[in-house]
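Right, one structure below, let's go through it.
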Amino acid sequence: MTMRVISLNVNGTDHSVQVGPLDRLIDVLRDQLGFKSVKEGCSTGDCGICAVMVDGKLVNSCLMLASQCDGRRVLTLEGLVNDLSMKRLQGSFIANNAAQCGFCTPAMLMASWDLARHKADPSEDEIKVAISGILCRCTGYYQIIDSVREGCKRGTT
Ligand code: FES
Ligand code: FES
């Protein structure tokens, strides 16, 4: 298998990584670069747990080849630890008990943060659409929806 070196900007830092033609973005992020907030669930594009942003768009990193990301910007939850909007959302998730096992939480937060960037006061339907690609097996979604609504609103104050 032919290996090649690609350039990835992850959370603002440039990395050169050696990848094979079938190496997935999720594996490079977790195994080569150590971004463990990126979780793997179904591996088939169905659960959304592996969501990261690539060039500003939310994608399932289990479905993306690392080589497709050559020269692109990737954002994971680790890149948002000091972001005010993310802090508000995290606080809201905690206040509303919106995480149980926590496996879906990084992806839920990334999708919520993406929504908050575009909508200061999203409707319930808009929240549902924003998180619709991510499966949570624990919470029943009510707490998550409340958290996203409150977290986005707090971002406007
Ligand atoms: S692990 Fe990627 S969509 Fe489920
Ligand atoms: S909190 Fe367990 S899967 Fe969502």
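Both ligands and their constituent atoms are indexed starting at 1 by order of listing. Just the heavy atoms: all of them, side chains too, but no hydrogens, waters or symmetry mates, feed the values below.
Put simply, the residue from Asn11, Val10, Asp14, Asp55 that forms a side-chain contact (heavy atoms from CB on, under 4.5 Å) with Arg73 is Asp55.
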Table please: side-chain donor-acceptor pairs of residues 99-112 below 3.5 Å, with sequence neighbours left out.
from	atom 1	to	atom 2	distance (Å)
Gln100	NE2	Cys138	O	3.4
Thr105	OG1	Gly102	O	3.3
Ser112	OG	Met108	O	2.6

Please list, one pair per line, the donor and acceptor atoms closer than 3.5 Å that link side chains of residues 77-84 to other protein atoms, with sequence neighbours excluded.
from	atom 1	to	atom 2	distance (Å)
Glu78	OE1	Ser37	OG	2.6
Glu78	OE1	Thr76	OG1	2.6
Glu78	OE2	Lys36	N	3.2
Glu78	OE2	Ser37	N	2.9
Glu78	OE2	Ser37	OG	3.3
Asp83	OD1	Ser85	N	3.0
Asp83	OD1	Met86	N	2.9
Asp83	OD1	Trp113	NE1	2.9

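Excluding waters, the set of protein N, O or S atoms lying under 2.8 Å from atom 4 (Fe) of ligand 1 comprises Cys42 SG, Cys47 SG. Among protein atoms, those of element N, O or S found less than 2.8 Å away from atom 2 (Fe) of ligand 2 are Cys101 SG, Cys138 SG.
At a threshold of 4.0 Å, the pair Glu126-Arg149 does not count as salt-bridged, since none of the basic side-chain nitrogens sits closer than that to a carboxylate oxygen.
No donor-acceptor pair under 3.5 Å is formed between the side chain of Asp70 and the backbone N or O of Ile6. The closest donor-acceptor contact from the side chain of Asn96 to the backbone of Phe93 lies at 3.5 Å or more, if one exists at all. The backbone N or O of Arg88 sits nowhere less than 3.5 Å from a side-chain atom of Ser92 that would complete a donor-acceptor pair.
With a 4.5 Å cut-off on side-chain heavy atoms, Arg137 and Cys47 count as touching. Side-chain atoms of Arg72 and Asn9, non-hydrogen and from C-beta on, never get closer than 4.5 Å to each other.
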